[in-house]
Amino acid sequence: QVQVVESGGGVVQAGGSLRLSCIYSSSIINFNTLDWYRQAPGKQRELVAYIARSGYTHYADSVKGRFIIAGDNDKRTMYLQMSSLKPEDTAVYYCNGDPETNWGQGTQVTVSS
């Protein structure tokens, strides 16, 4: 099964930006979707965004207009550009896809008010 490693998290003030990266252990060119999830303390993991092989993108309503998802097949990497961050974006962010990969350790994003 494909392994993933997330990076790019950190502590940022409200209104700031971060770019998350997810590198896959093998080619992603045949993936149906590449997905970003997040899990806040005491909450269930939720889908944040995905990008389909066609290039179609989908965002959760809570991040629409603030986050941008992108993939780079040559680098086997997916990105999540996050702008206008809010305290409610605080969570551990994970990547995955279809077909499903192993879950990584995630990367912590903390947004202070």
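Numbering of residues begins at 1 and proceeds along the displayed sequence.
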Undergrad: Looking only at non-hydrogen atoms, find the nearest pair between Leu47 and Ala60 and report the distance.
TA: O-CB, 3.7 Å
Undergrad: Counting N and O atoms only, with roles assigned by atom type, does the side chain of Gln39 sit under 3.5 Å from a partner on the main chain of Tyr37, one being a donor and the other an acceptor?
TA: no
Undergrad: Is a donor on one side and an acceptor on the other found under 3.5 Å between the side chain of Glu6 and the backbone of Cys95?
TA: yes
Undergrad: When you look at CD of Gln13, are more than 12 heavy atoms from neighbouring residues, nucleotides or ligands closer to it than 6.0 Å?
TA: no
Undergrad: For Asp35, is there any backbone N or O sitting under 3.5 Å from a side-chain donor or acceptor partner on Thr33?
TA: no
Undergrad: Show the nearest heavy-atom pair for residues Gly9 and Leu20, with the distance to one decimal.
TA: N-CD2, 3.6 Å
Undergrad: Measure from the side-chain N and O atoms of Trp36 to the backbone N and O of Ile51, and report whether any donor-acceptor pair falls under 3.5 Å.
TA: no
Undergrad: Give, for atom OG1 of Thr57 and atom CD1 of Ile68, the distance between the pair rounded to the nearest 0.5 Å.
TA: 9.0 Å
Undergrad: Can you find a heavy atom in the side chain of Phe67 that is under 4.5 Å from one in the side chain of Gln81?
TA: no
Undergrad: Determine, stepwise, if the pair Phe31 / Tyr24 fulfils ring pair (Phe, Tyr, Trp, His ring centres under 6.0 Å).
TA: CA-CA 11 Å; Phe31 272 64; Tyr24 293 75; 5.6 Å; yes
Undergrad: Tell me the closest heavy-atom pair linking Tyr56 and Tyr50, and the distance in Å.
TA: CE2-OH, 3.7 Å
Undergrad: For the residue pair Asp72 and Asp74, what are the closest heavy atoms and their distance?
TA: OD1-N, 3.1 Å
Undergrad: Would a hydrophobic clustering, with Ile, Leu, Val, Met, Phe, Trp and Tyr connected at side-chain separations under 4.5 Å, put Leu80 with Val63?
TA: yes
Undergrad: Kindly say whether Ile23 contributes a backbone atom to a donor-acceptor pair with the side chain of Gln3 at under 3.5 angstrom?
TA: no
Undergrad: Considering residues at least two apart in sequence or located in another chain, which fulfil the side-chain hydrogen bond (donor to acceptor under 3.5 Å, both in side chains) criterion with Lys43?
TA: none
Undergrad: Quick check: is Tyr79 connected to Leu85 through a chain of hydrophobic side chains (ILVMFWY, heavy atoms under 4.5 Å apart)?
TA: no
Undergrad: So which heavy atom on Ile69 is nearest to which on Leu34, and how close?
TA: CD1-O, 3.7 Å
Undergrad: Say you draw a straight line from CZ of Arg76 to CD1 of Ile29; how long is it, rounded to the nearest 0.5 Å?
TA: 12.5 Å
Undergrad: Going by heavy atoms in the side chains, are Asn102 and Val2 under 4.5 Å from each other?
TA: no
Undergrad: So which pairs with a foot in residues 83-99 pass side chain to side chain donor-acceptor pair (under 3.5 Å), sequence neighbours left out?
TA: Asn32-Asp98, Arg38-Asp89, Arg38-Tyr93, Arg66-Asp89, Asn96-Thr101
Undergrad: Write down the atom of Ala14, the atom of Ser113, and the distance for their closest heavy-atom approach.
TA: CB-CA, 4.4 Å
